[in-house]
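Below is one structure, written out as structure tokens, with a few remarks after it.
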Amino acid sequence: MSATAILKDLSRTALYRCGALGAWHRWRNRRALTVLMFHRVLPADHPTFTLAEREFTFTLDGFCRTLDFVQRHYSVVSLNDLQAARLGQAALPPNPLLITFDDGWRDTLTHAAPELARRGLPAVMFLASEVVELDNPQWWQDALVAALAEPGASARLWAAAGWKEKPKGSIGQALAAHLGAMKETERQAWLAQHASRVLGQIVARQMVTLSDLSATELNSFAIGGHGHTHSPLTLSPDPEAELQASQRLLGRLNQQVRSMSFPHGVRSGDLVSLARKSGFDWIFTSDPVLVDASHWPNPMPALGRVHVPESAWTCRANRIDPARLATFLFFRPIQGHRLQ
């Protein structure tokens with residue numbers, strides 16, 4: 001670490017420890033909604049941890065330390081709290097924060113949910129509705145991510161897809177859309193042929209089931225949509241069908257407030273309008289911004305969320321560091337900023 005970086009880190013730590021950063025945050029973000037985006041939470045010694053995509057996987061210790069920070073600096077709210085504020089039925093507390101998880105990983109329930117329940121904190125799971133129907137232990141998109149991480153995989157899988165020209169979006173997004181349009185038996189056959197080295201490493205079910213979700217309602221989790229196949233909706237041949245499949249599952253799960261986030265974080269203005277037309281009350285993006293909660297426009301825009309990594313941005317000596325987490329979160333731009 002350079003001398004400049006060391007000085008910056010010392011200054012940040014001093015400002016946090018003396019309370020200056022926290023005081024500034026309490027004023028600047030008092031009416032700004034922070035929405036945190038998580039994916040997976042696993043104990044560091046769990047057998048699956050080394051196979052999980054590290055960018056989107058928190059250790060259980062890191063998650064607990066992050067929740068300690070959240071409870072110190074924010075008022076954690078539920079999706080119902082947001083809906084009540086939007087309808088003028090109740091005011092949000094100062095520095096509101098919503099906790100969300102994407103995809104529908106089973107470890108969200110087995111490891112994150114108990115810690116949230118112990119603290120009495122609500123959360124939202126944005127669920128790719130297809131995952132509850134799949135029988136294979138390994139989610140096909142996780143297998144695809146693992147396959148793409150191998151040397152030379154992008155060009156090889158591109159050729160396997162039969163593309164003549166560079167596809168729209170990233171190679172990962174394009175392949176997710178390519179496989180998402182297939183039936184599950186076809187996907188598994190494609191992966192067996194072109195990504196066989198990564199199959200069979202996961203033997204325990206990765207994704208939630210319907211029976212898991214029925215129990216989840218008791219733990220203050222709301223369920224939202226995340227597409228059906230988790231393919232990028234910008235590349236889907238029928239994004240409306242994806243959204244309606246999400247709505248059907250949310251209906252089965254008796255979700256009164258309908259919410260969704262965009263798979264892979266990609267969207268367009270037309271897709272936001274289509275999601276609104278499909279009946280979603282709350283629409284979330286992956287734009288790393290806070291949201292002005294002093295007013296709720298009509299129609300509601302798609303709202304930003306901050307992906308929190310367990311990395312050098314938020315850690316010191318490989319553990320979540322409150323001072324780094326503070327500077328990572330407190331200074332985000334505020335979407336629709338009208339604070340007085």
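Residues take their numbers from the sequence shown, with the count starting at 1.
- Without hydrogens or angle criteria, T108 side chain to G104 main chain gives no donor-acceptor distance under 3.5 Å.
- At least one donor-acceptor pair under 3.5 Å links the side chain of Q255 to the backbone N or O of I223.
- With hydrogens and angles disregarded, a donor-acceptor distance shorter than 3.5 Å links the side chain of N95 to the backbone of N29.
- A donor-acceptor contact shorter than 3.5 Å is absent between the side chain of R305 and the backbone of L36.
- Looking only at atom types and distance, the side chain of S78 has a donor-acceptor partner in the side chain of D81 under 3.5 Å away.
- The closest donor-acceptor contact from the side chain of Q201 to the backbone of L51 lies at 3.5 Å or more, if one exists at all.
- In this structure, CE on M125 lies 11.0 Å from OG1 on T100, to the nearest 0.5 angstrom.
- Inter-residue side-chain proximity for R316 and D9 is flagged as met; some heavy-atom pair is nearer than 4.5 Å.
- When every heavy atom of A326 is checked against every heavy atom of F331, the shortest pair comes out as O-CD1, 4.4 Å.
- No more than 12 heavy atoms of other residues, nucleotides or ligands lie within 6.0 Å of CG in N318, so this atom counts as exposed by the packing criterion.
- Minimum interatomic distance between P288 and R332 (heavy atoms only, all atoms of both residues): O-CD, 3.2 Å.
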Extract all donor-acceptor atom pairs below 3.5 Å that involve side chains of residues 126-136 and protein atoms in other chains or at least two apart in sequence.
residue : atom : partner : partner atom : Å
S129    : OG   : H228    : ND1          : 2.7
E130    : OE1  : W140    : NE1          : 3.3
E130    : OE1  : R187    : NH1          : 3.2
E130    : OE2  : R187    : NH1          : 2.9
E130    : OE2  : R187    : NH2          : 2.6
N136    : ND2  : E184    : OE2          : 3.2

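- Other residues, nucleotides and ligands contribute only 12 or fewer heavy atoms inside 6.0 Å of the CZ atom of R17.
- When only modelled atom types and interatomic distance are considered, E55 and H307 share a side-chain donor-acceptor pair under 3.5 Å.
- In terms of modelled atom types and a separation under 3.5 Å, the side chain of Q206 and the main chain of W139 share a donor-acceptor contact.
- Rounding to the nearest 0.5 Å places CG of L144 at 7.0 Å from CG of L157.
- Atom-to-atom distance recorded for H226:NE2 and F262:CZ is 11.0 Å, nearest 0.5 angstrom.
- Pairing each heavy atom of I171 with each of S154, the nearest pair is CG2-OG, 3.8 Å.
- Atom CG of D68 is surrounded by more than 12 heavy atoms from other residues, nucleotides or ligands within 6.0 Å.
- Under 3.5 Å, the side chains of Q141 and H230 contain a donor-acceptor pair of N or O atoms.
- Among residue pairs with one or both ends in residues 144-153, those qualifying as salt bridge (charged side-chain N to carboxylate O under 4.0 Å, His left out) are E150-R156, E150-R197; sequence neighbours excluded.
- In the model, R40 has no side-chain atom that pairs as donor or acceptor with a side-chain atom of T48 under 3.5 Å.
- Atoms CZ and CD1, on F328 and I320 in that order, are 9.5 Å from each other to the nearest 0.5 Å.
- Criterion: ILVMFWY side-chain heavy atoms under 4.5 Å apart, direct or through other members. Under it, L109 and V41 are part of a common hydrophobic cluster.
- Proximity of the aromatic rings of F58 and H111 is defined here by a centroid distance below 6.0 angstrom, and this criterion is not met.
- For the pair R86 and W296, the cation-pi criterion (under 6.0 Å, within 45° of the ring axis) is not fulfilled.
- Residues L97 and H73 form no side-chain contact, since every pair of their non-hydrogen atoms from C-beta on lies 4.5 Å or further apart.
- With a 4.5 Å cut-off on side-chain heavy atoms, L179 and L191 count as touching.
- The two residues G62 and E310 make their nearest non-hydrogen contact at CA-OE2, 3.4 Å.
- Here the side chains of P299 and R276 are in contact, with some heavy-atom distance below 4.5 Å.
- With hydrophobic clusters built from ILVMFWY side chains whose heavy atoms lie under 4.5 angstrom apart, L116 does not share a cluster with V124.
- Under a 3.5 Å cut-off, the side chain of S246 and the backbone N or O of G227 do form a donor-acceptor pair.
- Inter-residue side-chain proximity for E240 and L274 is flagged as met; some heavy-atom pair is nearer than 4.5 Å.
- A donor-acceptor pair shorter than 3.5 Å can be found between the side chains of D103 and W105.
- To the nearest 0.5 Å, atom CD of residue Q256 and atom CG of residue N80 are 9.0 Å apart.
- Taking a cutoff of 4.0 Å between a charged side-chain nitrogen and a carboxylate oxygen, R12 and D321 do not qualify as a salt bridge.
- The backbone N or O of R258 sits less than 3.5 Å from a side-chain atom of D281, completing a donor-acceptor pair.
- Each of V308 and F49 belongs to its own hydrophobic cluster when Ile, Leu, Val, Met, Phe, Trp and Tyr are linked at side-chain heavy-atom distances under 4.5 angstrom.
- Connection of L329 to L15 is established within a shared hydrophobic cluster, with ILVMFWY side chains joined at heavy-atom distances below 4.5 Å, either directly or through further cluster members.
- When only modelled atom types and interatomic distance are considered, T110 and D107 share no side-chain donor-acceptor pair under 3.5 Å.
- When all heavy atoms of L175 and A161 are compared, the pair lying nearest together is CD2-CB, 4.1 Å.
- With contacts defined as side-chain heavy-atom distances shorter than 4.5 Å, the pair M37/F284 does not qualify.
- At least one donor-acceptor pair closer than 3.5 Å links the side chain of R324 to the backbone N or O of A312.
- Contact annotation: the side chain of R252 approaches that of L210 to within less than 4.5 Å [non-hydrogen atoms, C-beta and beyond].
- With 3.5 Å as the limit, one finds no donor-acceptor pair spanning the side chains of Q335 and D287.
- Side-chain contact of E242 with T229: a donor-acceptor pair under 3.5 Å is present, judged by distance alone.
- Expressed to the nearest 0.5 Å, how far OG1 of T57 lies from CZ of F63 amounts to 13.0 Å.
- In W313, the CH2 atom is not crowded: 12 or fewer heavy atoms of neighbouring residues, nucleotides or ligands sit closer than 6.0 Å.
- Under the 3.5 Å distance criterion, with hydrogens and angles disregarded, a donor-acceptor pair is assigned to the side chains of D292 and S294.
- Across all their heavy atoms, L250 and G225 have their closest contact at CD1-N, 3.9 Å.
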task: Dump the intermediate steps for side-chain contact (heavy atoms from CB on, under 4.5 Å) on I334 and R28, then the final yes or no.
output: CA-CA 10 Å; I334 300 175; R28 188 253 191 180; 3.9 Å; yes
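- The shortest distance between side-chain heavy atoms of V289 and P333 falls below 4.5 Å.
- Two different hydrophobic clusters hold L82 and I283 under the rule that ILVMFWY side chains link at heavy-atom gaps under 4.5 Å.
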